[in-house]
A.B. asks: 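Okay, here's the structure, questions in a sec.
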Amino acid sequence: MSVITIDGPAGAGKSTIARKLARRLGWLYLDTGAMYRALAWAAKRTGIAPEDEDGMVRLCERTEIGFENGRIMVNGVDISSQIRTPEMDALSSLISRIPAVRRYLTELQRKIRGTGDVIAEGRDMGTVVFPEAEHKFFLTASLDIRASRRMKQLEKAGCYVPYEEVLSQIQARDEADSRRDLAPLRPAPDACEIDTTDRTLDEVVDFIMAFLTESKTGCGVKGPQTTS
């Protein structure tokens with residue numbers, strides 16, 4: 001089974017791009033960020049603090065996370081509409097630092113990959129979860145653009161947060177993800193880095209599709225760096 005990884009910070013467009021790419025290729029879209037948010041949701045619902053590592057281990061043992069028709073499920077319950085909030089984003093960042101949590105979700109992500117060809121989107125897909133991926137992409141964008149995109153995502157989900165607060169949250173998440181000892185946010189050495197600041201997300205998808213086509217004709221795995 002083949003896998004393409006798309007990593008990057010919040011607001012770089014990786015979720016939308018990965019979803020569109022999966023649709024074009026007819027592959028499975030693996031939203032790993034939703035999996036961390038789902039476990040964070042389960043922790044909050046059961047009263048387990050993110051710093052309670054033993055409690056989180058027990059939670060992993062009794063929690064089944066999966067996807068059905070693009071919806072994120074926890075123990076058979078669709079919680080898709082409940083995890084796209086700043087609170088779940090912050091909680092997911094906290095629990096992602098726990099080794100047992102990362103082991104549990106990494107194993108689950110690799111298991112899902114075994115069911116078919118996958119577009120895996122997250123923060124450590126190309127570096128930790130699927131280092132053997134055939135193609136790896138790392139998306140970036142300016143902080144202002146990322147905050148604006150994130151605010152629009154929240155508004156679409158019915159959550160209205162001031163721009164300055166969204167900007168502050170993204171800055172804090174960037175710092176936490178980049179500095180953590182366990183699976184820090186960074187591009188894989190062989191990833192194609194794409195700055196999405198001045199591109200529409202459809203343009204980025206077109207670029208990736210062209211890149212994949214060229215790779216099949218001998219262009220190579222890494223491909224061109226692009227920052228314009």
Side-chain angles (χ1 to χ4, degrees), residues 5-21 29-41 43-44 50-51 72 79-98 101-102 105 119-129 136-188 191-205 226-228:
T5 63
I6 299 180
D7 291 311
K14 60 185 185 294
S15 296
T16 301
I17 288 167
R19 188 179 297 108
K20 287 176 176 287
L21 187 62
Y29 165 50
L30 179 56
D31 182 355
T32 63
M35 298 172 78
Y36 280 94
R37 289 185 178 89
L39 193 60
W41 175 89
K44 178 176 175 58
E51 62 270 16
I72 186 72
I79 63 163
S80 303
S81 63
Q82 302 177 56
I83 62 171
R84 303 296 180 180
T85 66
E87 180 184 21
M88 289 300 103
D89 188 55
L91 282 176
S92 67
S93 180
L94 291 175
I95 69 168
S96 71
R97 304 172 196 176
I98 300 174
V101 168
R102 298 204 77 89
L105 289 179
I119 306 295
E121 171 257 312
R123 285 174 168 79
D124 65 344
M125 294 297 100
T127 54
V128 176
V129 183
K136 304 174 186 178
F137 299 91
F138 190 89
L139 308 185
T140 62
S142 70
L143 183 59
D144 287 344
I145 288 294
R146 292 195 287 124
S148 178
R149 288 173 180 168
R150 181 61 176 154
M151 186 172 68
K152 290 177 181 177
Q153 288 176 340
L154 292 171
E155 289 177 351
K156 188 176 181 179
C159 183
Y160 298 93
V161 182
Y163 172 82
E164 292 75 14
E165 185 176 339
V166 174
L167 186 69
S168 177
Q169 291 170 350
I170 286 182
Q171 287 177 312
R173 183 68 188 267
D174 284 353
E175 183 174 0
D177 287 348
S178 298
R179 293 189 176 185
R180 68 189 181 204
D181 294 329
L182 183 63
L185 172 66
R186 63 168 183 251
C192 175
E193 298 182 44
I194 307 173
D195 189 327
T196 69
T197 301
D198 297 319
R199 285 185 168 93
T200 68
L201 300 186
D202 281 328
E203 287 174 343
V204 176
V205 175
T226 174
T227 57
S228 60

A.B. asks: Does any non-hydrogen side-chain atom of Arg97 lie less than 4.5 Å from one of Asp181?
C.D. replies: no

A.B. asks: Can you name the side-chain contact (heavy atoms from CB on, under 4.5 Å) partners of Asp202, sequence neighbours left out?
C.D. replies: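 Per chain and number, Asp202 pairs via side-chain contact (heavy atoms from CB on, under 4.5 Å) with Lys20, Thr200.
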
A.B. asks: From Leu105 CG over to Ile95 CD1, what is the distance, rounded to the nearest 0.5 angstrom?
C.D. replies: 7.0 Å

A.B. asks: With heavy-atom distances below 4.5 Å as the criterion, would you say the side chains of Arg146 and Asp174 are in contact?
C.D. replies: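 Arg146 reaches Asp174 side chain to side chain.
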
A.B. asks: Which residues pass the side chain to side chain donor-acceptor pair (under 3.5 Å) test with Ser93, not counting sequence neighbours?
C.D. replies: Arg173

A.B. asks: Are Arg19 and Glu121 ion-paired here, with the side-chain N under 4.0 Å from a carboxylate O?
C.D. replies: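 No, Arg19 and Glu121 are not salt-bridged.
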
A.B. asks: Determine yes or no for a side-chain-to-main-chain donor-acceptor pair under 3.5 angstrom, with Thr196 supplying the side chain and Thr140 the backbone.
C.D. replies: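 It does hold such a pair.
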
A.B. asks: Compare every heavy atom of Leu167 with every heavy atom of Ala147, then report the nearest pair and how far apart it is.
C.D. replies: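 Closest heavy-atom pair between Ala147 and Leu167: CB-CD1, 3.7 Å.
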
A.B. asks: Side chains of Ile72 and Asp31: closer than 4.5 Å at any heavy-atom pair?
C.D. replies: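 Heavy-atom side-chain distance check fails, nothing below 4.5 Å.
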
A.B. asks: Hey, are the side chains of Arg123 and Leu185 touching, using non-hydrogen atoms and a 4.5 Å cut-off?
C.D. replies: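 Yes, close enough: below the 4.5 Å cut-off.
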
A.B. asks: So Ile6 and Leu139, do their side chains get closer than 4.5 Å, heavy atoms only?
C.D. replies: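 Side-chain contact under 4.5 Å: yes.
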
A.B. asks: Would a distance-only check, ignoring hydrogens and angles, find a side-chain to backbone donor-acceptor pair under 3.5 Å from Ser92 to Asp89?
C.D. replies: yes

A.B. asks: Side-chain donor-acceptor pairs under 3.5 Å in residues 156-163, sequence neighbours left out?
C.D. replies:
residue: Tyr163; atom: OH; partner: Asp144; partner atom: OD1; Å: 3.2

A.B. asks: Check whether Arg37 reaches the backbone of Met88 with its side chain - one donor and one acceptor, N or O, closer than 3.5 Å.
C.D. replies: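 A pair under 3.5 Å: no.
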
A.B. asks: Just wondering, do Ile170 and Leu143 contact through their side chains at under 4.5 Å, heavy atoms?
C.D. replies: yes

A.B. asks: Are Tyr29 and Leu21 packed together at the side-chain level, in the sense that at least one heavy-atom pair is separated by less than 4.5 angstrom?
C.D. replies: no

A.B. asks: Specify the closest pair of heavy atoms between Asp124 and Arg102, including all atoms of both residues, with the distance to one decimal.
C.D. replies: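 Taking Asp124 first and Arg102 second, the nearest heavy atoms are OD2-NH2, 2.7 Å.
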
A.B. asks: Is there a donor-acceptor contact under 3.5 Å from the side chain of Thr5 to the main chain of Met125?
C.D. replies: no

